[in-house]
Amino acid sequence: MAVTIWHNPRCSKSRETLKLLEARGIAPAVRDYQKEPPTMVELQDALMKLGQPASALIRWKDTNLSKEAGENEILSALTANPKLIERPLVLTETAARIGRPPETVLEIL
């Protein structure tokens with residue numbers, strides 16, 4: 001199974017999630033999403049796999065967007081400023097989970 005982690009090496013939860021995957025014998029493709037930001041299409045695909053609205057992917061404490069912001073406004077903000085993306089995000093071909101807590105990602109493996 002192909003597994004990808006949108007990773008921030010400075011984030012403790014992201015590092016813990018990566019270690020958890022590796023401890024389970026999973027060698028995910030590691031994408032530093034701040035250096036290689038996802039496209040709008042990739043964000044939409046991730047949301048479909050999460051089964052969540054765009055608001056689930058944004059770090060609200062790091063933005064000045066209103067909680068009433070629409071999907072397109074949030075996605076545009078995430079594309080323009082990838083540091084606003086909640087981390088880590090683990091994706092497979094059919095599902096995705098945010099690793100908060102890290103063990104949550106095991107649901108899709």
Side-chain angles (χ1 to χ4, degrees):
M1 169 189 324
V3 177
T4 300
I5 182 171
W6 290 2
H7 181 59
N8 178 346
R10 291 186 288 170
C11 170
S12 63
K13 293 296 180 199
S14 197
R15 290 191 309 268
E16 288 173 30
T17 301
L18 181 57
K19 282 184 183 180
L20 177 66
L21 293 172
E22 291 171 340
R24 301 278 173 142
I26 298 166
V30 178
R31 179 177 182 173
D32 184 332
Y33 64 90
Q34 291 186 45
K35 292 181 180 176
E36 186 185 342
T39 65
M40 182 75 74
V41 171
E42 289 173 316
L43 287 169
Q44 291 168 332
D45 181 61
L47 288 170
M48 184 184 72
K49 290 175 180 180
L50 271 172
Q52 301 271 339
S55 60
L57 270 184
I58 195 162
R59 295 178 53 83
W60 287 106
K61 68 179 183 173
D62 293 336
T63 183
N64 58 3
L65 280 178
S66 162
K67 295 271 186 175
E68 286 78 38
E71 293 284 304
N72 287 337
E73 188 177 359
I74 292 171
L75 290 173
S76 292
L78 295 175
T79 303
N81 192 358
K83 84 175 206 174
L84 296 177
I85 297 173
E86 186 62 80
R87 67 218 179 222
L89 182 67
V90 174
L91 303 110
T92 69
E93 294 174 12
T94 59
R97 290 292 182 276
I98 297 170
R100 291 188 172 270
E103 295 77 20
T104 304
V105 303
L106 299 176
E107 298 171 358
I108 62 172
L109 305 176

Does Lys83 form a side-chain contact (heavy atoms from CB on, under 4.5 Å) with Arg59? I'd like the steps, not just the answer.
CA-CA 8 Å; Lys83 84 175 206 174; Arg59 295 178 53 83; over 6 Å; no
All side chain to side chain donor-acceptor pair (under 3.5 Å) counterparts of Asp45, not counting sequence neighbours:
Lys49
Test side-chain contact (heavy atoms from CB on, under 4.5 Å) applied to Leu50 and Leu89, step by step
CA-CA 10 Å; Leu50 271 172; Leu89 182 67; 4.1 Å; yes
Got a second to check how far Asn8's CG is from Gln34's CD, nearest 0.5 Å?
4.5 Å
Nearest 0.5 Å, please: how far is CD in Glu42 from CG in Leu91?
9.5 Å
Between Val90 and Ile98, is there a shared hydrophobic cluster once you connect ILVMFWY residues whose side-chain heavy atoms come closer than 4.5 Å?
no
State yes or no: do Ile58 and Tyr33 share one hydrophobic cluster built from I, L, V, M, F, W and Y residues joined by side-chain heavy-atom distances below 4.5 Å, directly or via other members?
yes
The single option from Arg97, Arg100, Lys61 that satisfies salt bridge (charged side-chain N to carboxylate O under 4.0 Å, His left out) with Glu86 is Arg100
With sequence neighbours excluded, residues passing side chain to side chain contact (heavy atoms under 4.5 Å, CB included) with Ser55:
Pro53, Trp60, Ile74
Flag side-chain contact, heavy atom, 4.5 Å: Pro38 against Ile85
yes
Tightest non-hydrogen contact, residues Ser14 and His7, listed as OG-ND1, 2.6 Å
Worked check of side-chain contact (heavy atoms from CB on, under 4.5 Å) between Val105 and Val3:
CA-CA 11 Å; Val105 303; Val3 177; over 6 Å; no
Nearest atoms (heavy-atom pairs only) where Leu84 meets Ala77:
CD1-O, 4.0 Å
Is Met1 reachable from Ile108 through a run of hydrophobic residues whose side-chain heavy atoms are each under 4.5 Å from the next?
yes
With respect to Leu78, which candidate in Leu65, Thr63, Leu43 satisfies the side-chain contact (heavy atoms from CB on, under 4.5 Å) definition?
Leu43
I would like to know whether Thr92 and Leu109 meet side-chain contact (heavy atoms from CB on, under 4.5 Å); could you show each step before the answer?
CA-CA 8 Å; Thr92 69; Leu109 305 176; 4.2 Å; yes
With a cut-off of 3.5 Å and sequence neighbours excluded, list every side-chain donor-acceptor pair involving residues 15-27.
residue, atom, partner, partner atom, Å
Arg15, NH1, Pro9, O, 3.1
Arg15, NH1, Arg10, O, 3.2
Thr17, OG1, Lys13, O, 2.8

Mark yes when over 12 heavy atoms from residues, nucleotides or ligands other than Glu107 sit less than 6.0 Å from its CD; otherwise mark no.
yes
